[in-house]
Every structure is written in C-alpha cells, then in structure tokens.
Amino acid sequence: MTSTDVRTEAEDSGPSGYAAARLRLLQEEARSGPPRRAALAELTDDWLSGLFDAGAEGLRGVSLVAVGGYGRGELSPRSDLDLLLLHDGSDQDAVAALADRIWYPVWDLGLALDHSVRTPAEARKTAGEDLKVQLGLLDARHVAGDLGLTAGLRTAVLADWRNQAPKRLPELQELCAERAERQGELQYLLEPDLKEARGGLRDATALRAVAASWLADAPREGLAEARRRLLDVRDALHLTTGRATDRLALQEQDQVAAELGLLDADTLLRQVYEAARVISYASDVTWREVGRVLRSRAVRPRLRAMLGGGKPTAERSPLAEGVVEQDGEVVLARAARPERDPVLPLRAAAAAAQAGLPLSLHAVRRMAAATRPLPTPWPAEAREQLVTLLGSGRPTVDVWEALEAEGLITQLLPDWERVRCRPQRNAVHLWTVDRHLIETAVRASEFTRRVHRPDLLLVAALLHDIGKGWPGDHSVAGEIIAKDVAARIGFDRDDVAVLATLVRHHLLLVETATRRDLEDPATVRSVAEAVGSQGTLELLHALTEADALATGPAAWSSWRASLVADLVKRVAAVLSGDAPDEFEADAEAPTAEQERLAIEAFRTGSPVLALRAQTEPPGENEEKSSGEPEPLGVELLIAVPDRPGLLPAVAGVLAVHRLSVRTAELRALELPDAVEGSVLLLNWRVAAEYGSLPQAARLRADLVRALDGSLDIASRLAERDAAYPRRRGVVAPPPRVTVAPAASRHATVIEVRAQDAPGLLFRIGRALEDAEVRVRSAHVSTLGANAVDAFYVTGAKGAPLPGEEAATVARSLEEALRG
C-alpha cells in the first residue's frame, strides 16, 4: 500500500481509519528512519486537517499549528502531538468548541497530546515568560486553517527570539547545563536517556535554536547524521517496547539492535555514543562561540568610544611555537605552517591543556586537514608534548575530545580506533573504554610527584586498557599493543619493556592484595618476579590507584588502598636486595672539549660557553625515513670557576632568554695536574619556548652580569610574569622535595619533583644558596610538564648534611617552591 493509499484510508474512515493506517505504516519493514517519520507526520497532518475542517466550517481567523517535535516532522511511533490552536480572538466560544472537536478524537485513540489555545499576542507573551514554550514555537509548522495567521506568528516569534537572544541564550545554556547535571552524559551511560541526557535530542534541538538566533551556529559536519541516528534508535525503542520511552534500558538493547539490523547491543551503544559525542562537541563549540560574541558585544561600545570608532585588534598572547591565545581560545599563530610541522597538533594540544583553554575549532580542523603524519619513531619533541598533554589534569579531557572529533587521535594512535566509544558492561565502570583511559591519565597526573618516571606513568595510564578492543584477555593483548605503540612514539628498549610490563600487569597488585594470602612468601615472590624492579613497582602502584579511581567510586576504598600498600611494601623488601644504586654512579671522564673549556674558564676567571646542535641516532626498531639523526635541541656547555650562586645565575639567565631546560648536568671538574683549582661544568639541553635561540655572546654577557650582580634576574623574571602571566588549566600537584636515604656516601641527595615552569631551576638554585649548602652535582630532567631533579649537596666543609639538617633544607626548599 502506498503513502497516498494510507492517507486516503485515514481520510475516508475517520479516527479508526487513521489508527489502522498508522499501525500499517509502523509495521512496514521496508520503510524506517526519516521516510517513516515524515510519512507519519504527513498522515497525522491529513487526519487532523480533516478534524479541523469538519469543526471549523464557516469559522475564520483560526489555524492549527504543529510545534516542537511534531512541528519538525520528527514523529516517533509513540511521540506526543504538540498542537497549538491559534485564533484572532473574534469568536472564542466557537474556537473552544473547535478545540473539543480536535482534542477528544486524539485522546480517544490513546495518543499523548500537548495542546494550547491562544491568540498570537498570547502565544508571544507566554513565549516571553516560558523559554520552553518559545523553543517549541521556533519549530511552528502550519497544519490547517488560516495560513496567514500561522505565518504571522512564525515571523513574530523568530523576530522576538533574535531580538531577545542576548538574554535568552544564556538562559538556554543554563537549562542545558542543569539537564546534563541531572541526566548525565549520553556518550557514557549504560542505560541512557536518548532525549534528556547531555548530547541527546534536546541538545540537538537547542543547537537549532542557537542557529535561529543568528548569533552563532553549530559545527554542521556530522550533526544531522548524529540527530538522525538517535531518532532512529528512539523509533526502534518505541516499537519494541510499545511505550513512549526515551530510556534505552539494558534488557531492551538487544531487541532494539535487532530492530535496527545491528549485530548486537554493544554495536548499538557504540553508535549511540558516537552520535552523542558529535552533538556534545558541537554544543561545547557553539556555547563557547555564544559567550565570545556576547562578551564582544558588551565590550565593543566602550572600546569603540575609547579608540575613536576604530575596530579593536584582538590580543594574541604566545603560548608555544606556532600557538597563541586569542579571545579565550588557543589558535594557530599567523606564521604557523601545519603542513611543515607534524608536531604542531600535539604542541597546540599540550599548550591548550596547560593553559586550561579550549582549542579553536578552526585550528583543529586546519591541523587535521594539513598536518602530515609523524615519522616513526616520533621526534623527541612529539613524545614530550604527548606526555605534557596527558599530565595536564582535568583540561586534558576537553582538549583530547577536540582532537578526537576531527580524527587527529586515530591519526596519531591508530590503535585508538578499537577502543573509541566502546561500552563497558560493568556496573563499576562509569565510562567507555576510551574515556576511562583518559580519566586514568588525569588521575595519574595527580601522582606524578610519587614516581621517578612520570612520563612512563602517564603513557601507561593511556595504554593500560588498550587491549579491550581485541578478543581474549585484554591485558595480554594490551601488552603486545603497548610494545608497538611505545616503540613507535620513540621510547627506547628499556622503557618499552617497562611500559609493556605495566600494561600486562596493571591488575596484578589489586587482584593479589584482595584475593591472595600476603603472609605466604610465595605470593610476594611471584609478584616481585612479575614486576622485576623497584622502579617498575613504584609505577605500578601509582597506576593501580589511578586506574581504580578512574573506574568509579566502587573500585577503590581505604581498605583496598591499605591492602595494596601492604603488598607493595612486602614486594619492595624482596626487590631491595638486588636493586641498583641509582644515585651513586661514577662520573664519566671529561671529553677533550669539556677539558678545554674548563681550562679556559679557569685561565680567564670568567664563564666560557659552547653551543651545538644535539642529536640522537635512529631508534633500534625503526630507521628514520631520512636516515638523519633526530634533533633534540641545543646542547649548551658552560664552564665557570667554582663560586657560590652559580646554579641560580645560569638557570636565571636561561629563563630570562625563554629557554626551556630539558636536561641538565652539573659537576665539579678537577683540572689537570699542572693546574690547581676546580671548575664547575654545566651541560644543558635547552630549547626556545618559541622563536629562535639567542646568540652565545648574549648569553655569556648576561651570565657575566648575573654573576657580578649587575643583572637582577629575580626582578626581570617578575616583570615578565606580570606582563605575560603564565596560565594554568588546573592547580598542578604540589611540589615534593625529599631526602633520598643512603643514596650517596659523599653527599646528601635532595630530590625535587615539581611542575615545570619558567624560572623553576632558578628558584631551586636560589633556595639552596639561601640554605647555605653547596651543590656538588645535579641531575635535572624534564619529562613532559614534570621536573624530576636530584641535587647532591654538602655542607660548608664538603661533607654530607646531618639527618635533621638535610630534612630542614628539604622542607625550606619545598616551602620556597610552594610560595
């Protein structure tokens, strides 16, 4: 039977004919999705038009209007009918009688009805008082009667909406936020509400309303398809349950999947999550644009008056090479060339997360379209920027989602595609697999002060469940994937092995602690054998807690934490006998160049500098496509006669010149037998935050001034920070300063773990000088955004510090870094 036949049957047979035609339409297997919804709306229009015409004979100035979902033609099998009987107020008794002639047949069929009877003036007044009414009227569609009356209302309502947008849009945004707080996020829920949850059909409707305001518009790519997919799922849900429900309950998901011709309930949920993710991201971008436009409108009149009518230029603050902040977003610098800079997406993402700012939609799309794939293995900078992004805390989530929305994550990490939007049918889990991995990295960022290798902790957090996209034990599959990914992003063989162990055994500690007898030495020995080293145990302990906290509140408790801590303590005792002394290492003999610089520094009594490009050979697993060594930055060698204040002076000069310190070594170099005296040798790897490197002569001149006191480094840094305050997305974990027990026989080892920042090493050096200790040697490294430093210090007489004095120095240094 054709659509025309169905409509004819409905018109000829009255309400019972409509019911039969409606049922037949819903049972047609060949028709579903948008065609069926459109046919159902058309069939309903014809029936209601018949009811209207029969009751409105001789009545003028009246029309029947579909609003809301019915107005959009989005009728699901059990949808409400949203109707407005619009009249000019000339014959209210006749209009009331007409309303009864329409409403009662609808009720007699058991259809849900949301109805109102109003004049255009009443409709506009009610819309002005009730935002939900106004949203419904934005989709008003003529069904029967006076077309001019309906058209006049539509025109007036749209004009009202556009005129009132600066006031109404913030109300709409607040309404969406409140609904999201109550209903949760559709893209993560096991039993989601397709309409009310964040990323659902109501949010899609809100985006249409924003577009109708002409104030801002949503990203359109994929949005219509996402809306269609959610409507299709709701149709199938109504047909399988026979109820007007929007909640996709667990017990109905297999039937709904079958109705849609999908493989299983997991496939269904994954499609729902993908659609919700598109709508959620579009909502984030749109509301951000609304806020920007409204702020601009509020500020512009004042600026125009101040500037004599000229158009103000948007301020652009540099964040990283090729990346700037503008209007509260992270955008690409004018000189940025994504097609020539494959690290740019990670650099921009890391800068955005560190600053707690969103990535501009235009910037992400430009990078997605133009950026070439990274070489294998990745350059060192790309690896460091990934670690920085993962260690940025809560802002990492939004930035990661922005990259994922345009396909950049799967371009960087192809294995991500298998876990993207993958549901977890476990009541303990709050998130999909991919979001759980990011949440684990967020949690792990809080523990970076507990471990010596925060970069390995953060990458392990990202990869620990990557095997859930494959059949079998996800830990076993994940170990294989982690090895491949870690080698591809440039970790060396030893680090690859550690990451593979962490992924393979990420459940080992909690399962052993809660299911095995810890008094049994065999239990503890088996864990020690699996873990292998103290460093890996330290990482696994932090990963275990981060994983559990990211799973959900039921996965971690003080009881579980105490059991795991007890197990870790026992395993550490087993491993301690074979643990290498990581602090006590024989110093390498100086190179000929280092010895030459030292002698010249001693002879002249002033600093001597040497700058040269530093490279590393291709990785063991992959050769570089060009066959050339990988540039790591610039190596800066400085030799200076030993004197107080040297470390803060050098570190301060580098900070003034906006040089980031990636690694640093400081040691006293004994001169040849023929020369009496000692020179400090500092070996740095530095990179410009943005722009080009300064000349060595300028660095040397400023270092001489810093050492003789004519350059006030503290004031220079304070002035720069005041002019260009460094933004942080969240408060980083507080710095942690400890004394490493029995780490060296010749010095006291002070360990510092802190958030990397310009001037950090200068502040550390100055605090150690204030404590009147001598830095015998130092080992500084920056892993992503985390500084992990060790300082070998002695007292004035060259001996290690007594225990209490060492603890006091550590406390004062930690207080200085917190201040």
Side-chain angles (χ1 to χ4, degrees), residues 219-222 277-278 281-282 284-285 316 318-326 329-355 357-392 395-417 420 434 438 441 459 462 484-491 618-619 622-626 628 630-633 687-692 784-785:
R220 294 184 178 274
E221 286 79 0
R277 191 163 292 186
V278 170
Y281 178 62
D284 289 341
V285 172
R316 297 165 69 90
L319 294 175
E321 182 67 29
V323 185
V324 299
E325 173 192 348
Q326 178 180 321
E329 290 185 325
V330 172
V331 302
L332 300 185
R334 295 186 181 95
R337 296 291 180 268
E339 64 278 4
R340 301 178 187 174
D341 187 357
V343 182
L344 184 58
L346 284 170
R347 190 186 309 121
Q354 285 284 294
L357 294 170
L359 268 174
S360 153
L361 174 64
H362 174 73
V364 178
R365 287 185 173 168
R366 185 180 168 200
M367 291 188 294
T371 306
R372 293 181 292 107
L374 286 163
T376 302
W378 288 7
E381 186 200 357
R383 184 172 64 253
E384 290 173 355
Q385 296 294 354
L386 174 65
V387 171
T388 300
L389 171 61
L390 295 176
S392 299
T396 298
V397 176
D398 290 340
V399 173
W400 190 273
E401 288 179 350
L403 297 179
E404 194 168 48
E406 300 301 327
L408 278 165
I409 295 299
T410 49
Q411 180 180 319
L412 291 165
L413 302 169
D415 298 282
W416 193 259
E417 181 61 27
R420 187 176 59 82
D434 56 342
I438 296 303
V459 174
L462 181 70
D484 176 66
V485 173
R488 195 183 329 134
I489 65 179
F491 284 105
E622 298 280 353
E623 290 191 359
K624 310 287 287 184
S625 58
S626 64
E628 296 295 326
E630 177 186 358
L632 292 175
E689 289 184 35
Y690 29 80
S692 58

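Both backbone and side-chain heavy atoms feed into the values below; hydrogens, waters and symmetry mates do not. None of these values were measured; they are calculated from a predicted model.
Taking CD from E401 and CG from L359, the interatomic distance works out to 12.0 Å, rounded to the nearest 0.5 Å. Of the inter-residue distances, the one linking I409 atom CD1 with I438 atom CD1 reads 7.0 Å to the nearest 0.5 angstrom. With rounding to the nearest 0.5 angstrom, the CG atom of D484 is 9.0 Å from the OG1 atom of T376. Here T396 contributes atom OG1 and Q354 contributes atom CD; the two are 8.0 Å apart, rounded to the nearest 0.5 Å. The structure places CG of L462 at 8.0 Å from CD1 of I489, a figure rounded to the nearest 0.5 Å. Atom CG in L357 sits 12.0 Å away from atom CD in Q326 (nearest 0.5 Å).
A382 meets the side-chain contact (heavy atoms from CB on, under 4.5 Å) test with V343, L346, L374, W378, P379; sequence neighbours excluded. Partners of V387 according to the side-chain contact (heavy atoms from CB on, under 4.5 Å) rule, which considers only residues two or more places apart in sequence or in another chain, are D455, L458, V459. By the side-chain contact (heavy atoms from CB on, under 4.5 Å) test, A688 pairs with L659, L693, sequence neighbours left out. Residues meeting the side chain to side chain donor-acceptor pair (under 3.5 Å) test with R365, sequence neighbours left out: E221, E406. Remark: R366 pairs with no residue by the side chain to side chain donor-acceptor pair (under 3.5 Å) rule, at least two apart or across chains. In this structure A363 satisfies the side-chain contact (heavy atoms from CB on, under 4.5 Å) test together with L332, S360, sequence neighbours excluded.
The two residues P219 and L361 come nearest to each other via the heavy atoms CG-CD2, 3.6 Å. Of all the heavy atoms in L389 and A349, the pair that sits closest is CD1-O, 3.7 Å. The minimum heavy-atom distance between A348 and V330, with the atom names listed, is O-CG1, 4.1 Å. The two residues A487 and P377 have their closest heavy-atom pair at O-CB, 3.6 Å. Summarising the geometry of A350 relative to Q385, their closest heavy-atom pair is CB-OE1, 3.3 Å, with the distance given to 0.1 Å. Smallest separation of non-hydrogen atoms from L403 and P345: CD2-O, 4.5 Å.
No side-chain donor-acceptor contact under 3.5 Å links R316 to the backbone of V324.
Ion pairing of E381 with R347 is present here, as a side-chain N (NZ or NE/NH1/NH2) and a carboxylate O approach within less than 4.0 Å.
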Quiz item: Should M367 and L344 be marked as a side chain to side chain contact (heavy atoms under 4.5 Å, CB included) after you check the CA-CA gap, both sets of side-chain angles, and the distance that decides it?
Solution: CA-CA 8 Å; M367 291 188 294; L344 184 58; 3.9 Å; yes
